Amino acid sequence: DAGVIQSPRHEVTEMGQEVTLRCKPISGHDYLFWYRQTMMRGLELLIYFNNNVPIDDSGMPEDRFSAKMPNASFSTLKIQPSEPRDSAVYFCASKAGGSYNEQFFGPGTRLTVL
Amino acid sequence: QKEVEQNSGPLSVPEGAIASLNCTYSDRGSQSFFWYRQYSGKSPELIMFIYSNGDKEDGRFTAQLNKASQYVSLLIRDSQPSDSATYLCAVNIGTTGSYQLTFGKGTKLSVIP
């Protein structure tokens with residue numbers, strides 16, 4: 001079975017540009033999570049969805065960040081406008097329904113904002 | 001601020017030895033605990049989870065949980081060079097029904113051949 005799929009794997013952009021990161025969760029998983037990883041702050045949860053509905057977005061750093069999940073097999077994380085401090089690796093993870101919280105991560109998108 | 005603390009390392013052990021990785025957490029209400037392995041430049045990979053006090057074994061890995069002491073550990077027996085990676089402790093922090101994971105910053109393990 002395919003795991004979590006993310007695109008692009010690498011993104012280099014200039015400050016002020018819009019960036020869109022994409023994620024396809026594991027088929028049948030009801031939950032989707034967006035994380036950001038930096039050396040300074042480690043791995044941080046940004047937002048998560050259940051059945052395409054945002055449940056907890058308290059980790060979204062500011063209004064420049066937005067996330068959507070239009071259907072069960074696709075989610076986007078958008079940064080507009082991007083800033084150099086947004087440079088990080090962004091991971092998407094998914095988990096099946098039920099009470100257990102085993103989350104499975106995608107390969108990540110390495111974002112560099114110049 | 002609900003926190004998860006790990007010694008950043010690096011922790012160096014000789015091949016064949018037992019590696020012991022430790023994690024403490026601040027939220028006494030936490031119910032589930034996870035260990036992820038992350039190779040350099042790769043994504044976190046779930047290797048163990050534990051929900052109840054005591055030990056849980058899976059092959060060469062043993063997770064230990066002590067909720068009274070707010071402490072969770074991972075033991076790796078017969079360490080191999082391929083175990084060299086950063087190990088992330090994650091705790092399910094939040095209200096019942098929340099699936100928010102809080103991660104420690106990880107312990108870097110180096111297994112010396």
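Numbers restart at 1 for each chain; the letters A, B, ... are given by sequence-line order, proteins then strands. Since the structure is predicted, the reported quantities are computational estimates derived from the model, not experimental observations. What's counted below: heavy atoms across the whole structure, side chains too, no hydrogens, waters or symmetry copies.
Atom CD of A:Glu14 sits in a sparse spot, with 12 or fewer heavy atoms from other residues, nucleotides or ligands closer than 6.0 Å. Around atom CG of A:Asp63, no more than 12 heavy atoms belonging to other residues, nucleotides or ligands sit under 6.0 Å away. Residue-environment remark: CZ (A:Arg110) stays at or below the threshold of 12 foreign heavy atoms within 6.0 Å. The environment of B:Lys56 atom NZ is dense: over 12 non-hydrogen atoms of other residues, nucleotides or ligands sit within 6.0 angstrom.
At a threshold of 4.5 Å between side-chain heavy atoms, the hydrophobic network of Ile, Leu, Val, Met, Phe, Trp and Tyr places B:Val4 and B:Leu65 in one connected group. Cluster membership for A:Val113 and A:Ile79, using ILVMFWY side-chain heavy atoms within less than 4.5 angstrom, is shared. When hydrophobic clusters are built by joining Ile, Leu, Val, Met, Phe, Trp and Tyr residues whose side-chain heavy atoms come closer than 4.5 Å, directly or via intermediates, A:Val89 is grouped together with A:Phe33. Under a hydrophobic clustering in which Ile, Leu, Val, Met, Phe, Trp and Tyr are joined whenever their side-chain heavy atoms come within less than 4.5 Å, directly or via other members, B:Val91 and B:Ile47 fall into the same cluster.
In terms of heavy-atom proximity, A:Glu102 sits nearest to B:Tyr51 at OE2-OH, 2.5 Å. In terms of heavy-atom proximity, A:Tyr48 sits nearest to B:Gln100 at CE2-N, 4.1 Å.
When atom types are taken as modelled, the side chain of B:Ser43 and the backbone of A:Gly108 share no donor-acceptor pair closer than 3.5 angstrom. Without hydrogens or angle criteria, B:Lys105 side chain to A:Met39 main chain gives no donor-acceptor distance under 3.5 Å.
Only the side chain of A:Asp56 comes within contact range of chain B, judged by heavy atoms closer than 4.5 Å. Of the atoms belonging to B:Gln38, it is side-chain heavy atoms, and not backbone ones, that fall under 4.5 Å from chain A. Looking at B:Leu46, only its side chain comes within 4.5 Å of chain A, counting heavy atoms on both sides. Proximity to chain B involves both the backbone and the side chain of A:Gln103, based on heavy atoms less than 4.5 angstrom apart.
B:Tyr99 OH to A:Asn50 CG: the interatomic distance, rounded to the nearest 0.5 Å, is 8.0 Å. For the atom pair CG (A:Leu43) and CG (B:Leu101), the distance works out to 9.0 Å, reported to the nearest 0.5 Å. A distance of 16.0 Å separates NZ in B:Lys42 from CZ in A:Phe105, rounded to the nearest 0.5 Å.
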